[in-house]
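Numbers here simply count residues along the sequence, with the first being 1.
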Amino acid sequence: HIINRIFSFLLMNISIYIIFFFCKKNFNFIIAILSSIILILSPKYFSLSTLATVDHWNVFFSILIIYYSFEIQKNFKSSKNFIIYGVILGCSVATKYYNFLFAAPILTIFIIKIFENNYPYKQFFLMFITSLLTFLICMPYSLINLVAFREAIVGLYAGIQTGRVGEYS
């Protein structure tokens, strides 16, 4: 329990620093300070700071996804950013399955590039393969017990359809 709290404390503090760094790099110092203060004072962040849950990982990964989405938009030719994005996306989906929605920013960037007649197939496959491999490394259960993994995903999807996600029979 103590190790989980230490991890939670570290992740939340690193998230503050990433927000500050992101805002300072893309906006200015005042915006960076204000954003960090708003994050610290938000009620959800405050309640998460006292618990040891996987939600800290979601906050951390969502901030990193936003940061690297901006980096990819600025420097689309850099393969390093796509690899890092893929690793973040794979780890994030391994943490909670619905984090596959974090693929939306990069898919939006890909669609914009396609409309600009810049076909990013190489970058797309690099990011997809990296995120898939990272997911499989972080969640080996998905390969070890494929049937139970598939049933969990189908059950999650059925719960979403009926509005009963997380309910137990």
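Cluster annotation: I109 is not connected to I112 through the hydrophobic network of ILVMFWY side chains, with a link wherever side-chain heavy atoms come within less than 4.5 Å. A continuous path of Ile, Leu, Val, Met, Phe, Trp and Tyr side chains, each step under 4.5 Å between heavy atoms, connects L41 with I33, placing both in one hydrophobic cluster. One hydrophobic cluster, built from ILVMFWY side chains closer than 4.5 Å, cannot hold both I144 and M139; they sit in different ones. Two different hydrophobic clusters hold I30 and I38 under the rule that ILVMFWY side chains link at heavy-atom gaps under 4.5 Å. When the side chains of ILVMFWY residues are joined at heavy-atom separations under 4.5 Å, either directly or via intervening members, F7 and Y17 end up in a single hydrophobic cluster.
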Could you go through K77 and N118, starting from their C-alpha distance and side-chain angles, then the distance that decides it, and tell me whether this counts as side chain to side chain contact (heavy atoms under 4.5 Å, CB included)?
CA-CA 11 Å; K77 299 296 181 191; N118 182 4; 3.9 Å; yes
Apply side chain to side chain donor-acceptor pair (under 3.5 Å) to N81 and N75, showing your working.
CA-CA 8 Å; N81 289 335; N75 188 6; 5.8 Å; no
Side chain to side chain contact (heavy atoms under 4.5 Å, CB included) assessment of V59 paired with L11:
CA-CA 8 Å; V59 171; L11 283 174; over 6 Å; no
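To the nearest 0.5 Å, the span separating CD1 on I66 from CZ on F22 amounts to 6.5 Å. The structure places OG1 of T134 at 13.5 Å from OH of Y85, a figure rounded to the nearest 0.5 Å. Between the CD1 atom in I19 and the CD1 atom in I31 there is a gap of 12.5 Å [rounded to 0.5 Å]. Once rounded to the nearest 0.5 Å, the distance linking CD1 of I63 with CD1 of I88 reads 11.5 Å. L132 contributes atom CG, which lies 10.0 Å from atom CD1 of I137 (distance to the nearest 0.5 angstrom). With rounding to the nearest 0.5 angstrom, the CG atom of L89 is 12.0 Å from the CG atom of L64.
Using a distance-only test at 3.5 Å, with no hydrogens or angles considered, no donor-acceptor pair links the side chain of S35 to the main chain of A32.
In this structure the side chain of I65 reaches within 4.5 angstrom of the side chain of P105, judged on heavy atoms. When side chains are defined from C-beta on, V93 does not count as touching S131, because their heavy atoms never get closer than 4.5 Å. Using a 4.5 Å heavy-atom cutoff, the side chains of I72 and M127 are not in contact. At least one side-chain heavy atom of S142 sits under 4.5 Å from a side-chain heavy atom of L136.
Other residues, nucleotides and ligands contribute over 12 non-hydrogen atoms within 6.0 Å of the CZ atom of F20. Applying the 6.0 Å contact sphere to NZ of K113 captures more than 12 heavy atoms from other residues, nucleotides or ligands.
Nearest approach of P120 to I114, heavy atoms of both residues: CD-CG1, 3.8 Å.
A salt bridge is absent between E71 and K80: the closest approach of a Lys/Arg side-chain nitrogen to an acidic carboxylate oxygen does not fall below 4.0 angstrom.
Taking the six-membered ring for Trp and thresholds of 30 and 60 degrees, F70 and F27 have ring planes more than 60 degrees apart, a perpendicular arrangement. Relative ring orientation between F60 and W57 is described as perpendicular, the plane-to-plane angle rising above 60° on a 0-90° scale split at 30° and 60°.
With ring centers used as reference points, F82 lies under 6.0 Å from F76. Aromatic pair F135/F100: centroids not less than 6.0 angstrom apart.
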